[in-house]
Number of protein chains: 2
Amino acid sequence: MAVNPRTRTASAGVKSKVEDRALVDRRRRQIVNAAIERFGKRGYHATTISDIAQRAGVSVGLIYQYFGDKEDVLFLAILEVLDSYLEQIPSSAGSSGDPLERFRAAVHAYCRVIDANVDATVLAYRETKSLRKVRRNLIKQKEHETNALIAACISDCIRAGLFEKIDIELLTYQIVMFAHAWALKAWHFRGKMSVGQYVDRGLAVMLNRVLTPRGQRERAPLRAR
Amino acid sequence: MAVNPRTRTASAGVKSKVEDRALVDRRRRQIVNAAIERFGKRGYHATTISDIAQRAGVSVGLIYQYFGDKEDVLFLAILEVLDSYLEQIPSSAGSSGDPLERFRAAVHAYCRVIDANVDATVLAYRETKSLRKVRRNLIKQKEHETNALIAACISDCIRAGLFEKIDIELLTYQIVMFAHAWALKAWHFRGKMSVGQYVDRGLAVMLNRVLTPRGQRERAPLRAR
DNA sequence: TCCGAATGAATGAATCATCATTCGTTTCAG
DNA sequence: CTGAAACGAATGATGATTCATTCATTCGGA
């Protein structure tokens, strides 16, 4: 069940007419970057291959030397984004002994990568559905791996007695959506605060108690229903 | 600054070649419903006018009697969805005296409408960017109104001493994203639990304390930077 | 009451523009 | 020189939009 152990997924089945591995990598990176920019700005369907070619400074034909079709480009573009999350988070969270600090660092890292790739993140949301099912599943898988990083931090905090024994799955999704919201609701948050502030304010809300003691008492009967 | 006081936004500037208001309403509803279904399933760009016509049981030409172009159809489709939220939430939250109960009811209502319109909700996320700026802004405005409903509930709970004086804006977005997540991550949650359970588990995580007393003590120095 | 305009809805084949993709030609490194 | 790499004009498909036509009414005058 375990899949490839973390090689920046590279080609993932996309075929190229050029042999030279190094050249393929270079060209693909060049083209995918242009594509991310264009897809992010205009959306997948609205951007043409020739847009991408122009942006990347190559000819239309060249793109077809390195990709089978337009969907391949989208696929590698989205993969690129998700891989960058999967790379950044663990490296930033590091291995500080304190689980609470690791958790905080992970959330900060997650939000910072997203901040650095707002358009690309939104792209992943908007266009994943345009991919064939196999590929969509691969993307889900990636996302799942990212979630697992966060879940592990939470679970460590619980084991260390720093978090209550809450619903790990739900809290994980809470955090993930919180991070994604920075991109999805950029129009609302941008300008109002920095990513750093956003994370700090968010964590304060998520980790501390919202209900007052009286609120708790009143809530008890509600839940029993 | 205040905009139209809640008339199910109806036409919002979309022009029709037919005069009869009642007929226009009927036909548009018919076409928009078909469109929501198709756009939701296949996405905006991938569905053709003729798809929609077929689904709605009318001719291609007819659609152009009631809409200026394809974008008009998308616009009214998204508007329809957001309006349904704006309608359902207050009517379900009712006016129960207890603010906590109203809050709970509002969140449940929000999630239930979304559950009833998963495809449509995802549609709004995916395709809002395909609209012209003016229209995109109108959509944002709608979303803002919905958020305000939730924010009001929260603020009532605080005033009643049931919630701590937390960051209203952030908690509101927390809740909103939580509700949207039910649609955006449907593939993950569906089958695992019902909407009702989802909301209850979610509220438990959001409202109660996550940090243990010891966690709080350790966290203090962290926040001080 | 009845009949031939006149109006406005509805149709769907034809038009027209826009791309994705191909492929014959050109470049250039070795 | 030779072959791989790059180019970009030409091709073909697709799909939004138009429009000439049909169909169903309403209406006014005899």
Provide, to the nearest angstrom, the distance between the [atom1] atom belonging to [X] and the [atom2] atom belonging to [N].
| X | N | atom1 | atom2 | result |
| --- | --- | --- | --- | --- |
| B:L62 | C:dA13 | CG | P | 16 Å |
| A:E19 | D:dG3 | CD | P | 16 Å |
| A:D20 | C:dA29 | CG | P | 15 Å |
| A:I63 | D:dA5 | CD1 | P | 17 Å |
| A:H45 | D:dA16 | NE2 | C1' | 15 Å |
| A:K70 | D:dT14 | NZ | C1' | 13 Å |
| A:Q65 | D:dG3 | CD | P | 17 Å |
| B:K17 | C:dA9 | NZ | P | 12 Å |

Of all the nucleotides listed (C:dT11, D:dG15, C:dT21), which has the minimum atom distance to the side chain of B:V58?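 The answer is C:dT11, which lies nearest to the side chain.
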Which of these nucleotides, C:dT21, D:dA16, D:dA5, is closest to any side-chain atom of A:L23?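 The listed nucleotide nearest to A:L23's side chain is D:dA5.
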Describe the nucleic acid contact of [X] in one word from base, sugar-phosphate, nothing, applying a heavy-atom distance below 4.0 Å.
| X | answer |
| --- | --- |
| B:V18 | sugar-phosphate |
| B:S16 | nothing |
| B:Y66 | sugar-phosphate |

When you measure from the side-chain N and O atoms of [X] to the phosphate of [N], is any distance below 4.0 Å, counting only OP1 and OP2?
| X | N | value |
| --- | --- | --- |
| B:R27 | C:dA10 | yes |
| A:S59 | D:dC7 | yes |
| A:Y64 | C:dC23 | no |

Which word best sums up how the rings of A:H188 and B:H144 line up, parallel for under 30°, tilted for 30 to 60°, or perpendicular for over 60°?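 Correct class here is tilted.
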If you find the nucleotide of DNA chain C closest to B:G61 and the one closest to A:A46, which residue's nucleotide is nearer the 5' end?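 The residue mapped nearer the 5' terminus is B:G61.
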A:Y85 versus A:T121, side-chain donor and acceptor atoms under 3.5 Å: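 Yes, A:Y85 and A:T121 have a side-chain donor paired with an acceptor closer than 3.5 Å.
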Spell out, as yes or no, whether a donor-acceptor pair under 3.5 Å connects the side chain of A:N117 to the backbone of A:V113.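 Such a contact is found between A:N117 side chain and A:V113 backbone.
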Think A:R28 forms a cation-pi with A:F67, using NZ or CZ under 6.0 Å from the six-ring centre and within 45 degrees of its axis?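 Yes, cation above the ring, under 6.0 Å and within 45°.
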Determine the sole option in B:W182, B:Y198, B:F189 for which the ring pair (Phe, Tyr, Trp, His ring centres under 6.0 Å) test with A:Y173 is passed.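 Testing A:Y173 for a ring pair (Phe, Tyr, Trp, His ring centres under 6.0 Å) against B:W182, B:Y198, B:F189 leaves exactly one candidate, B:F189.
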